Amino acid sequence: MIRFTILKIDILTIFPEFFTEVFDFGIIRRAKLAGIVEINIYDIRSFTTDKHRMTDDRPFGGGDGMVLKAEPIFRAIEQILGTCEREKYADGTKVVLLTPQGRVFKQAMAKEFADETRHIVMICGRYEGVDERVNEMLVTDEFSIGDYVLSGGEPAAIVVTDAIVRLLPNALGSETSAVNDSFTENLLDCPHYTQPRDFRGMLVPDVLLSGNHAEIEKWRKQKALEKTQKIRPELLNKENG
Ligand code: ADE
């Protein structure tokens, strides 16, 4: 699908202040100003209707911690998407739940979202978890950003948003900037150098000063391979994604 509309990203969180200014720098700020992306933050608490405005409660069956309640999240999705039935979402709409239990988010998934979605609602998980009925009824994709446990999905929502937005057409300064990113071809990126040529006796490799673009490309590919072999050898033996 060729993107022809702005990408809308709505983030549901119990800590809206977490996102103050975080999307107001660099590529994301530019993309917002250029009308490539719109990012809205929603306070889950504002969708509660009870006297105490409770967003969480104790888990059925006992155990530590609190569980985010389904009700305000259903109400938020209903308001934002007009329905809380996954089958009725508009084409190109995704509802993402960020938890450590999700599929690990990869560059290929960022690319797919950048190319094919028009509206992403991200739900930031918290505490011991989120009432499973949210996952069963509302969520199209459950993502983790890695095999470690954060105190909530908020940092993950920032990571996923950044990875997607920078891949939107025209978001990067140069059309080709994302082509050589790490992971794009199951390879880590090659090393880079800038001025000065001699920094405290450490010299920039001659080939980069040679002006021979074929040789430079060869060197970069070789260094990318060496780095990947050393740091992430498993990338060389599998499909990305
Ligand atoms: N919430 C807590 N840990 C997380 C992780 N690793 N990825 C996404 N959301 C999370």
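Not measured: the values here are computed from a predicted model. Indexing begins at 1, ligand by ligand and atom by atom, following the structure's order.
Within 6.0 Å of atom NE2 in His213, 12 or fewer heavy atoms from other residues, nucleotides or ligands are found, so the atom counts as exposed in its surroundings. No more than 12 heavy-atom neighbours from other residues, nucleotides or ligands sit within 6.0 angstrom of CZ on Arg58. Heavy-atom neighbours of Asp50 CG from other residues, nucleotides or ligands within 6.0 Å: above the threshold of 12.
Looking from atom 3 (N) of ligand 1 to the surrounding protein, the closest heavy atom is Leu150 N, 2.9 Å. The nearest protein atom to atom 6 (N) of ligand 1, hydrogens excluded, is given as Tyr148 O, 2.8 Å; this is a heavy-atom distance. Looking only at heavy atoms of the protein, atom 7 (N) of ligand 1 is closest to Ile145 N, 3.0 Å.
The option from Asp147, Leu97, Thr99 that lies nearest to atom 10 (C) of ligand 1, judged by heavy atoms, is Thr99. In this comparison of Pro100, Gly102, Gly146, the heavy atom closest to atom 4 (C) of ligand 1 sits on Pro100.
Taking a cut-off of under 4.0 Å to the non-hydrogen atoms of Ala156, the atoms of ligand 1 that pass are 8 (C), 9 (N). Listed by number with element, the atoms of ligand 1 under 4.0 Å from a non-hydrogen atom of Gly152 are 1 (N), 2 (C). Listed by atom number, the atoms of ligand 1 under 4.0 Å from Phe143 heavy atoms are 8 (C). Contact atoms of ligand 1 toward Ser144: 5 (C), 6 (N), 7 (N), 8 (C) (distance under 4.0 Å to a heavy atom of the residue).
Ala224 approaches Thr228 most closely through the heavy-atom pair O-OG1, 2.6 Å.
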Open item on the list: Show, in sequence, the C-alpha distance, side-chain angles and deciding distance for Tyr42 and Phe19, and conclude whether the ring-ring contact (aromatic ring centres under 6.0 Å, His included) test is met.
Closed with: CA-CA 10 Å; Tyr42 289 90; Phe19 296 90; over 10 Å; no
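For the residue pair Glu154 / Thr13, a side-chain donor-acceptor distance below 3.5 Å is found, with atom types taken as modelled.
Using a 4.0 Å cut-off between charged nitrogen and carboxylate oxygen, Arg75 and Glu71 count as a salt-bridge pair.
Contact annotation: Phe105 has no heavy atom less than 4.0 Å from any atom of ligand 1.
Every N/O-N/O distance between Ser151 and ligand 1 stays at or above 3.5 Å. Backbone and side-chain nitrogen or oxygen atoms of Val149 are examined, and none is located within less than 3.5 angstrom of a nitrogen or oxygen of ligand 1.
Proximity of a side-chain donor or acceptor of Asp198 to a complementary backbone N or O of Gly201 within less than 3.5 Å is detected.
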